[in-house]
Structures are given as structure tokens and as C-alpha cells.
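Just so you know, these numbers use all the heavy atoms, side chains as well, and skip hydrogens, waters and symmetry mates. Protein chains get the first letters and strands the later ones, always in sequence-line order, with residue 1 at the start of each.
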Amino acid sequence: MPDASFDIVVVGSGAGGGTVAKELAPLCAEGARVGVFEWGAKLRDDELTGREVEMAHRLFFDSGGMLTKDRAMTLAAGRTYGGSTVVYTGTSLTIPLRVVERWQVPGLEWEDIERRSAKYAVENNVHLLGPELHNDNNRLFVDGCRALGWRAEQFPINVDGCRGAGLCNLGCPNLAKQGTHRVQLPAAEQAGVEVITNAKVERIGDRECRVTVRNPGFGEPSPWAPGEYRVRSKVVVVAGNAVQSSALLLRSGLGARLPALGRYLTLHPALILAGEHERSLSNFVGHPKSFYCDEFLESDRFLLETCMYFPFTTAKNLIGFGDEHSELMRAFPRMQQILVLAIDPAREDNRVTVDKRGNPVVDYRLTGGVLDALHRSMIAAAEVFFAAGACRVHAPAGERFFIPADEQEHLDKLIPRRNVRPGQISITSAHLMGGCRMGADPATSVTDAWGQVHGVPWLFVADSSLFPRCSEVNPYLTVMALAERVAERVSDRFKELSSS
Amino acid sequence: MDSLSQERASFLATLAERVVPEVEGLDLAGKTRFFRIVDDALKARSPSLRRQFGTLLGVIRWLPLLRWGVPFERLTRGRQEKVLRWLLGCPFGTLRQGFWGLRTMVFMGYYGQAEVWESIGYAPRFDGNEALHA
């Protein structure tokens, strides 16, 4: 088995790994060898075709269809050079003060995260799109919220040169999304960081990683030849997303000494509703996710967001089949969509484990409180649709496939709580958090406030698995802020870690 | 299809027409694409999952025997839909989850084809902003 030696290995190239790579890149000038091992491929620009099934296969774990153990939820996480920053919609929010206060991590202050988030917001060109670039799908959401007297806020997004393809979740074909694949990783590579793609880190031993390189048949071939490698490193930073990072550390045998490893997973459970209008809308063109409503975040623990998904994703998220389902799909140009997200609690037994082959198993139960929140969010979303002029609405927990506008006074009866049952509606997650949570106590946390794994001074975590609880907002800027802290700790202790 | 026998693939086509009625109107090229997409998705899954999918098709095919004495493909359209609605909300988790997976596969096979986008009015364009105020 070929050997390689690095000073620092980073596992994963998304919001966490890409940020760590860039912030540690200056060490290359001092002679350090820094390597990023990314499981996914680096796609060529011409491979960003916008074809849904093809791009899902190229860019996501399990083509975007990873299931929880009970199959009640579908999880989406990016697996590509740039990780999930290639496939999210670019919404960039700073984590609220109240959330960090609830996290209660000694040594972690909101002001520090806020400052670092602001830095990456500048670096990623985060800004508000002008009103001339809001499509009907977004405008109707705002109109509906305002007619109901609810707050509708605009999402700042990380784009440069957005042409409104609306294909953000399939990799921006206009190269406009400023994810780590466009910003942090190229800067890191220019400074001497090596990025080895198509490289899965199988296990982490004592300052070494076992890596398998396998080219998938798309994207650029890995700079390393296919095969198995033993990669020695003085420092290892794990940033493979909450599920994969937890799984990697578990199959590396760290579960015995860290009882909280894999636990306290939060997923921001979400589902889609559709409203049909009489007229054609600009919905699949323009940026798809420009607004949100947090009117009920504190009271009812849910958010509403604009969204517009592609045909297959839309189809599988609608309930039912047959003539009615086809009828709504044929109304695609007249369809408005809203994504609802529930804030889920961090429970010890919502966790990542690994099976006999070391593959992650996500054992997650939706609580009654979360189902209540999803129920209320569906009613709220339906109200927004009707307030915006929709003639009928499809809600996943609806008693009937369509709810017509003239029955909107009876939403409580037409979207009953009893229909909100796991496995009976399509619930998804694109915000995977927890599993390697920060904290002071090794009995209940995996890392300290700087991402250093308890009891393993050369091992760090730098992704959303650090979150002790749900971030309540899109996690990416927060991941980048935390990743910078991790990079600082690595850099500060590099001499000491190199010599030990 | 490599991942299903000819018989099971044929039955899948029958089921697909209930899930997405437009599948029936696909031409040969469209049906070929449908099966290729589903086949690729099945081949990406583990062998045990592929076997489970095949078993599920068999169960759905012969389940109506219990009530109507005939296999699924010989039921009236109305009864076929009744069977599938029962599976959609089936109290037995394994069957329900299996049907939801099958439903997803059929949607992928149909709506995952760029060639059907025109029929539902989906016309993405990389310069989408140009169409915002058209």
C-alpha cells in the first residue's frame, strides 16, 4: 500500500473543509504539506448540465436520496469538490444570538461567530438581489405574507454574475455561486494546498488515514492513481458533513471514548407545498430562494421559505399518484412552491451509527413537537398561497389532494394533525447538524469550542457536526466561522502538534 | 433492464402507468429512457435492495389475488388504483416504504427525462433572468 505523508490532512472540501484549507494555506509557505481529501469528483464546468437526475448522481451522496433508518426522511448532502456549497441555494445568514446562547458552549461567543461570518459574507460576495431579479414565485410569497401581516425577509445570497438559471441545487451552470469550489479552494490550491478528489477516507488511525481513490467516470480524474493509500499526518481535520464525519470517527473506533459521538443529530426537517395559480408564473427562472418568513420561529418553531424544485424532486414530494398528481405536475408553469422547516431539538438518541461495513446509519425520530410544528407550518404556508391568489393548494397532509380557495377557511380540518405521520408524508433534510458537538464535557460532547476532539489533540472537526443544537438558520456561514476558529487553533498549536 | 427480469420489468411498466398515466403514451425511445433511468438507479443500490425491489413487485402483482382472485394486471383501472392507494398509506411499514420507493423510481424514470419537460411546461434556461419580465 503506497504511503504518503502530510503535515495536515483535511477530510472534505465543503463549507468547513474548504475554509480550513484556505486558512491553513499560509503554512505551505513555511514548508508544511497540507492536503484536502474529497470523496467526490471535481466537475468540469461543462458538466454542469442542469439535468436533474444526472446532476443528482454526480453531486450528492446517494443521488440526494439517503434515507434515515426508519425511511421517514430523505437526506441531501453534497459529495463533490466544494461539498454542499456547490448545491445549496446560497442563502447566507448569520446565526442569531439567541441560538448561540442556547448552545451554551464555554469559550464560544456569538460576537466571535458574527465577526467571522461577516468576513466570509464579504469573501463570498453575499448580498441582496435587486427587486428586478425577483421572480413571481418569490414575489407572490412576499405578497401573501404581507397580506397576512407577517414578516417576509430577503435572503442574502452568495452569487457573482447570477443569470437566474434557477439550477442552484444542481450546481450553478453559470459558475455564479460563490461556494468553496469557487472561492476558498482555488485560493488554497494557489497557495500550495493539494486537493485529492475521488478520495474516500475510510478510517483514521493514530495520525494516519486510510484512503481509497476511485474515479467515478465523471469529473476530472483524481490527481492520485486509483488504489488504497496510507496517509500519515501530524494533524487531521474532519469536515465531511454531520453524517459522514460522525461515521468516519465511529468506524475509526472513537465511539468508546466519546459517548456523545454521533449523537444529538438535528436535521431541520422540511417539506414542500405547492399552490396553483390561474396564470403562468416566472417560477423556475430567476433565483429560486430569495425570501423567508420567520414570523412563527419562536412561537411555533417553524420557518417558511420560497423554493422551486425541479420536476422529479417536485413529483416525489407531492403526495399521491395518478391523474390528480399528473394534473398538478402539468400545471408546473403556474405552480408556486413553499418550503417549510421545523426546528428540531437535539436529542441524545437521534444519532448516527455505523453498520457492519462502516456505512452510516441515521437513526432519527421525529418528535411530536416537530410534527406539530410541521402541521402548523403547512397551514401557514397554505394561508400564504391563498393570500397570494392561488386557486388551489396541495399540502402533504391534506385530506384531499387539492384544497380549493373557496375552502380556505377550513384549513384546520382539511390539513388535520392526524395526517402528519412519519412515513406518510415526504419529509426531507438538507441541513445535517450535530454528531460531533462542541462542549466542555467529554461525556456529553465530542470537541471543545475550537473543534479539537476531546483527548485526541491532533484530531479536529470543522463542519456542521460541531453544532450542539439546530442552528435554526441555514448553517453555511456558521460552519465557515467555526472552521476558521478550528484553523486558528491548528495553526496556533502546529509546532507543538508537529513535534509531539 | 439488467436489474430486473423481463417479467418484472414488464409489470413495472404496468404499475408505472398507474403512478404516472402519461407513461402509457411514451414512445419506444421514451420507454427505453424510462427503463434506463430506473435500471441505473437500481444498479446504484445494494444487491439486497435490488432483490427487495423485485420482491415488492411480485407482492404487488399477486396481492389482489386475496381479494379479487386475479393478479394486479387483470384488475380494472379503478381497482388497480385502489390497491395502490392502500399501499400508499399501508399500516405495514415495509410494504408502505416499499411502495413509496417504487413511486419515487417511477417519478424518476418519467420526470427525470428532459424529453418530457415540454409536456409539463418546464423549460429551464441558463439565462433565466432574461425571461423574468418577458
Side-chain angles (χ1 to χ4, degrees), chain A residues 48-54 56-57 62-63 65 67 70-72 74 129 132-136 162-167 170 172-174 280 282-288 310-323 325-326 329-335 359 419 421 423-424 426, chain B residues 15-23 33 36-38 40-41 44-46 49 77-78 80-81 84-85 87-91 93-94 96-114 116-134:
Chain A
L48 297 167
T49 62
R51 291 178 160 242
E52 190 178 1
V53 173
E54 178 178 82
H57 172 65
D62 291 347
S63 297
L67 292 171
D70 66 356
R71 301 193 177 197
T74 308
L129 291 181
E132 71 284 0
L133 297 177
H134 298 159
N135 64 17
D136 289 333
C162 177
R163 298 175 67 209
L167 299 168
L170 302 178
C172 178
N174 296 313
S280 283
S282 55
N283 52 8
F284 54 77
V285 291
H287 190 269
F310 321 102
F312 162 52
T313 301
T314 299
K316 68 177 173 163
N317 280 285
L318 304 178
I319 306 306
F321 59 89
D323 290 334
H325 188 282
S326 287
M329 287 302 296
R330 284 197 302 276
F332 206 84
R334 295 182 286 111
M335 193 190 290
N359 295 321
N419 285 357
R421 286 178 291 165
Q424 304 276 13
S426 288
Chain B
L15 281 176
E17 288 170 12
R18 285 301 141 259
V19 175
V20 182
E22 289 87 343
V23 166
R33 284 190 297 268
R36 182 178 46 75
I37 289 171
V38 173
D40 285 348
R45 300 290 186 272
S46 66
L49 231 85
R77 179 176 170 153
Q80 288 181 345
E81 286 174 4
L84 298 186
R85 281 203 198 288
L87 286 167
L88 191 70
C90 184
T94 308
R96 185 184 67 246
Q97 289 156 12
F99 178 66
W100 278 66
L102 183 150
R103 199 185 72 111
T104 297
M105 287 288 184
V106 171
F107 288 146
M108 188 191 304
Y110 184 75
Y111 293 108
Q113 301 187 39
V116 308
W117 290 349
E118 190 179 355
S119 68
I120 62 167
Y122 176 63
R125 43 189 291 186
F126 290 2
D127 62 347
N129 285 342
E130 299 300 313
L132 280 182
H133 307 289

Student: B:Asn129 and A:Gly286: which non-hydrogen atoms are nearest, and at how many Å?
Tutor: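 Closest pair (atom of B:Asn129, atom of A:Gly286, distance): OD1-CA, 3.6 Å.
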Student: With respect to chain A, which residue among B:Glu22, B:Gln113, B:Arg18, B:Arg103 yields the maximal number of heavy-atom pairs within a distance under 4.5 Å?
Tutor: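 So the answer, after comparing B:Glu22, B:Gln113, B:Arg18, B:Arg103, is B:Arg103.
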Student: Are the side chain of A:Asn174 and the backbone N or O of B:Phe126 linked by a donor-acceptor pair below 3.5 Å?
Tutor: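 Looks like yes, one N/O pair under 3.5 Å.
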Student: Sort A:Leu48 into side chain, backbone, both or neither according to what part of it lies under 4.5 angstrom from a heavy atom of chain B.
Tutor: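 For A:Leu48, the backbone is the part near chain B, not the side chain.
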Student: Which atoms of B:Ala41 are under 4.5 Å from chain A, going by heavy atoms: the side chain, the backbone, both sets, or neither?
Tutor: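 No part of B:Ala41 comes within 4.5 Å of chain A.
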Student: Can you tell me how far apart CG (B:Asp40) and CD (A:Glu54) are? Round to the nearest 0.5 Å.
Tutor: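 B:Asp40 atom CG to A:Glu54 atom CD measures 11.0 Å (nearest 0.5 Å).
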Student: With only heavy atoms counted, which part of A:Leu170 is less than 4.5 Å from chain B, the side chain, the backbone, both or neither?
Tutor: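 Neither part.
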Student: How close do B:Gln97 and A:Asp70 get, counting heavy atoms only, and between which atoms?
Tutor: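 Distance-wise, the nearest heavy atoms are NE2-O, 3.3 Å.
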Student: To the nearest 0.5 Å, what is the distance between CG (A:Leu133) and CG (B:Leu132)?
Tutor: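 A:Leu133 atom CG to B:Leu132 atom CG measures 6.5 Å (nearest 0.5 Å).
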Student: Based on non-hydrogen pairs under 4.5 Å, which of B:Ile37, B:Val20, B:Asp127, B:Val116 is most in contact with chain A?
Tutor: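 Ranked by heavy-atom pairs under 4.5 Å with chain A, first place is B:Asp127.
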Student: More than 12 foreign heavy atoms under 6.0 Å from CD of B:Glu118: is that the case here?
Tutor: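 Open.
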Student: Can you tell me which portion of A:Thr74 sits under 4.5 Å from chain B's heavy atoms? Options are side chain, backbone, both or neither.
Tutor: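 It is neither, since no heavy atom gets under 4.5 Å.
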Student: Please tell me if the side chains of B:Trp100 and A:Ile319 come closer than 4.5 Å, counting only heavy atoms from C-beta onward.
Tutor: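 Yes - at least one pair of side-chain heavy atoms lies under 4.5 Å apart.
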Student: Grab the two heavy atoms, one from B:Pro21 and one from A:Asp323, that are nearest each other, plus how far apart they are.
Tutor: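 For B:Pro21 and A:Asp323, the tightest heavy-atom pair comes out as CG-OD1, 3.3 Å.
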Student: What is the distance from atom CG of B:Leu84 to atom CZ of A:Phe321, rounded to the nearest 0.5 Å?
Tutor: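 Rounded to the nearest 0.5 Å, the CG-CZ separation comes to 4.5 Å.
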Student: With rounding to the nearest 0.5 angstrom, report the CD1 to OG distance, B:Ile120 to A:Ser326.
Tutor: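 The OG atom of A:Ser326 is 10.0 Å from CD1 of B:Ile120, to the nearest 0.5 Å.
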Student: If you count heavy-atom pairs within less than 4.5 Å of chain B, which of A:Ala315, A:Gly166, A:Ser280, A:Ser63 leads?
Tutor: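 That would be A:Ala315.
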Student: Does any N or O in the side chain of A:Arg330 come within less than 3.5 Å of the main-chain N or O of B:Ser119, such that one atom is a donor and the other an acceptor?
Tutor: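 No, because the side chain of A:Arg330 does not come within donor-acceptor range (under 3.5 Å) of the backbone of B:Ser119.
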Student: In Å, rounded to the nearest 0.5 Å, how long is the span from NE2 of A:His325 to CZ of B:Phe107?
Tutor: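 A:His325 atom NE2 to B:Phe107 atom CZ measures 3.0 Å (nearest 0.5 Å).
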Student: Specify the closest pair of heavy atoms between B:Gly128 and A:Val285, including all atoms of both residues, with the distance to one decimal.
Tutor: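 It is O-CB, 3.5 Å.
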Student: Under the rule for ring pair (Phe, Tyr, Trp, His ring centres under 6.0 Å), what residues qualify as partners of B:Trp117, not counting sequence neighbours?
Tutor: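 With neighbours one apart ignored, the set is B:Tyr122.
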Student: Check for me whether B:Arg125 meets the cation-pi criterion with A:Phe284, that is, NZ or CZ under 6.0 Å from the six-membered ring centre and within 45 degrees of the ring axis.
Tutor: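 That pair does not qualify as a cation-pi contact.
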Student: Against chain A, label B:Thr104 side chain, backbone, both or neither, depending on which of its atoms sit under 4.5 Å from a heavy atom there.
Tutor: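 When you check distances to chain A, atoms from both the backbone and side chain of B:Thr104 fall under 4.5 Å.
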Student: Could you report the tightest heavy-atom contact between A:Gln424 and B:Gly89, atom names first, then the distance?
Tutor: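 Scanning both residues completely, I find the closest heavy atoms to be OE1-CA, 3.4 Å.
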Student: Residues two or more places apart in sequence or in another chain: which of them pass salt bridge (Lys or Arg N to Asp or Glu O under 4.0 Å) with A:Arg163?
Tutor: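 Applying salt bridge (Lys or Arg N to Asp or Glu O under 4.0 Å) to A:Arg163 gives none.
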Student: Under a 4.5 Å heavy-atom cut-off, does chain B meet the side chain of A:Ser426, its backbone, both or neither?
Tutor: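 When you check distances to chain B, atoms from both the backbone and side chain of A:Ser426 fall under 4.5 Å.
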